[in-house]
Number of protein chains: 2
Amino acid sequence: MNKRKVTLKDIAEKTGFSINTVSLAMKGQRVSEDTRKLIVETAEEMGYIGNALASSMRSGLTGTIAIIVGDIANPYFASIIKGAVNLLSAQQYSAIIYNTEEREDYEKNSILSALRQNVDGILYCPVVKDGPNTELLAKSNIPFVIFGGISQNPEINTVGLDDEKGGYIATQYLLERGHRDIVFLNGPDFAHSSKERLSGYKQALLEAGIPYDERKVLHCDLKNDKMIWDQVKYQLSQVLDYTGVITYSDMTAMRLYSLLDSEDFKDKAISARDIIGFDHVMATFPLPIKIASVGAKDIKMSVVATSLLLDLIHKTSQEVKKIVLDVKVYVP
Amino acid sequence: MNKRKVTLKDIAEKTGFSINTVSLAMKGQRVSEDTRKLIVETAEEMGYIGNALASSMRSGLTGTIAIIVGDIANPYFASIIKGAVNLLSAQQYSAIIYNTEEREDYEKNSILSALRQNVDGILYCPVVKDGPNTELLAKSNIPFVIFGGISQNPEINTVGLDDEKGGYIATQYLLERGHRDIVFLNGPDFAHSSKERLSGYKQALLEAGIPYDERKVLHCDLKNDKMIWDQVKYQLSQVLDYTGVITYSDMTAMRLYSLLDSEDFKDKAISARDIIGFDHVMATFPLPIKIASVGAKDIKMSVVATSLLLDLIHKTSQEVKKIVLDVKVYVP
DNA sequence: ATGAAAGCGCTAACAC
DNA sequence: GTGTTAGCGCTTTCAT
């Protein structure tokens, strides 16, 4: 028993109508109620399941969206993907997910694969802002939105957080709690958001009359690079004087917190209250540690980015949008 | 400038060869080195990007796999998805991800969508074992693997953990640490793995000569249902006597741990050491809390399930496989 | 309201 | 080694 899939043709033969009429009936268009009913019932009976490939071939639309991110297991991205997927599926879109491991060559492969699949649009969080991959995408003429960082290219639709303000309010949060020596465990220095947040950090210190000390700003890799992290640990445990820490992400905050137990930090007396992170992953994830976090205010970036993409696909909006989301400190 | 996508036909016209030859050349088959080179270079130059839809239409293979799970933001699933996606993309497969919110109707829609997309195979973690959705999938004649729980249906390929042993060794772990009053914060009672783990729990107690007390087994929803969780909290803080807890997942362990801070648990003195969870999410996620966890030993379920699915697709294996992975306790 | 015909871009089957 | 032909299943266009 080798069940070939039931096609419109099969239904047409069974009901005596033409393929065309069957197609129309299935979509409830321009056919009499009687034939519609007959056809739909026959289809049901025969176990008809449409062929999206064939539809797409002709219509030029696939109803699929590609989501390209650095690490789908990272709760930050996982939460964004979930938000996007839920919104998309409500509009009958499917999502193809690409995991780039934060590698530009994988990013390129992912983009090419997405283009080959004729996706209707792409949500893309690039590792490097305005690099060759973004260029490649821009040349492809397919709607896409860059999220998680604002591309400088004025032609490109972007959604991101107000990182400068984020750095500012994170610093302010710790200042208000009496800290005057604040380490900033920032992201990689090539990242645009790192620069922006640093700028906010400096501004807050300036306003508080605290001199900026560049030794207190460390950079940690997005990935959990052992060497870099060992270096960070050494600085934090042996070298620097501080009472509070800002981390680039809540994940980094967690790693930091994990360190605090060890012997090396015995005389530091840093607690969860003295740390503030970014991304507000607690919103979707039951973190047992009470660490404050900077995140988008009132709204989810995934929803904004996905809505924008859908608008672009449906040509609702034409002009390029660069959306900067307001941020706030979430205190658990 | 409305760039239509470059097709094989365009390349054929430019080079003077037939469409067929161009197609063959692009795949490096049966053509002379000279023509291959010319064609490939011309394609490159013209910015040719294949059309997977058209290929699939003819060949019957799409090179896409659907992954259907209850909650893609849950680190347990996120980690599985990442493992699967990485393995798949290494073999040139794309992954369409469906998030079912643990709802059977969403599951059904996801399955139908996947079938419409003509995916080559499906990885599916159903909410209910052997329910109508699994039935639907089985009737579709497309290769699929159920993971995260062993379907009782002998016709269906499954990959799961040895849950009975898991419950057993989790209990043993706490017994060895001197606990004699152990609460089991188990999963929903309709879940097969809940039953299996409970069975292991009972067995371990029996062997230790500790009478089984059914009041000590609570059920918590997969989702963070407030009412159920409040009830659990009440039982744990006011009613039950215990010194250790086994939780159904590491996420549940985290929620539990979050409770421990509150006033209600002041006289309980339960610490992270007295809790053991399931899933071993720490493997991919920097949890700052030192909670032991039961997980697959030596190997990742995602890899096993994906490999099995690929085998099925490539017809490497024909007979139905029911793979039960060995488990161990991971102590942080 | 229904049908006939064309064709989306590619690949498989067969010819030469 | 290369070309010709047919057709995957559907939608679109145009005719009736």
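Numbers restart at 1 for each chain; the letters A, B, ... are given by sequence-line order, proteins then strands.
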Review point. Atom CG of B:Asn118 to atom P of D:dG9: distance rounded to whole Å?
Key: 9 Å
Review point. Are side-chain heavy atoms of B:Ile111 and B:Tyr98 found at a separation under 4.5 Å?
Key: no
Point to revise | salt bridge (charged side-chain N to carboxylate O under 4.0 Å, His left out) partners of residues 34-56 of chain B, not counting sequence neighbours, each pair once | key: B:Glu33-B:Arg36
Exercise for review: Give the rounded distance in Å between these two atoms: CE of B:Met26 and C1' of C:dG9.
Suggested key: 14 Å
Practice item. Rounded to the nearest angstrom, tell me the gap between atom CZ in B:Arg4 and atom P in C:dC8. Key: 9 Å
Practice item. Mark up nucleotides 11-16 of chain D, 5' to 3', with B wherever a protein heavy atom is under 4.0 angstrom from a base atom, S wherever such an atom reaches only the sugar-phosphate, and - elsewhere. Key: BBBB--
Exercise for review: Please report, rounded to the nearest Å, how far the P atom of C:dG3 is from the CZ atom of A:Phe17.
Suggested key: 6 Å
Check your understanding: Can you list the residues that meet the side-chain hydrogen bond (donor to acceptor under 3.5 Å, both in side chains) rule with B:Tyr76, with sequence neighbours excluded?
Key -> none
Practice item. State whether B:Thr21 places a side-chain N or O below 4.0 Å from either non-bridging phosphate oxygen (OP1 or OP2) of D:dT2. Key: no
Practice item. Starting from C1' on C:dG9, measure out to CD on A:Gln117 and report it in whole angstrom. Key: 14 Å
Exercise for review: Under the salt bridge (Lys or Arg N to Asp or Glu O under 4.0 Å) rule, collect the residues that match up with A:Asp71, sequence neighbours excluded.
Suggested key: B:Lys82
Study note, to complete from the structure: Taken to the nearest whole Å, NZ/B:Lys9 to C1'/C:dT11 is 16 Å
Revision key, fill the gap. Atom CG of B:Asn51 and atom P of D:dC8 are separated, to the nearest Å, by 18 Å
Point to revise | Set of side-chain contact (heavy atoms from CB on, under 4.5 Å) partners for B:Tyr106, sequence neighbours left out | key: B:Thr100, B:Glu101, B:Arg103
Study note, to complete from the structure: note: B:Arg116, atom CZ; D:dC10, atom C1'; distance rounded to Å ~ 14 Å
**Study point:** For A:Val85, the option from A:Ile67, A:Ile80, A:Thr306 that meets side chain to side chain contact (heavy atoms under 4.5 Å, CB included)
**Key:** A:Ile67
Point to revise | Closest listed nucleotide, where the reference is the side chain of A:Thr7 and the choices are C:dC10, D:dG9, D:dT4 | key: D:dG9
Exercise for review: Enumerate the residues from residues 31-42 of chain B whose closest heavy atom to DNA chain C is under 4.0 Å, giving them by residue number; use none for an empty result.
Suggested key: none
Review point. With A:Thr35, which residues qualify under side-chain hydrogen bond (donor to acceptor under 3.5 Å, both in side chains), at least two apart?
Key: A:Ser32
Study note, to complete from the structure: Closest to the 5' end of DNA chain C, once A:Gln29 and B:Leu53 are matched to their nearest nucleotides, is A:Gln29
**Study point:** Counterpart residues, side-chain contact (heavy atoms from CB on, under 4.5 Å), relative to A:Asn51 (two or more places apart)
**Key:** A:Leu53, A:Ala54, B:Asn118
Exercise for review: Sequence neighbours left out, what passes side-chain contact (heavy atoms from CB on, under 4.5 Å) with B:Ala305? Give chain and number order.
Suggested key: B:Leu123, B:Val145, B:Phe147, B:Val159
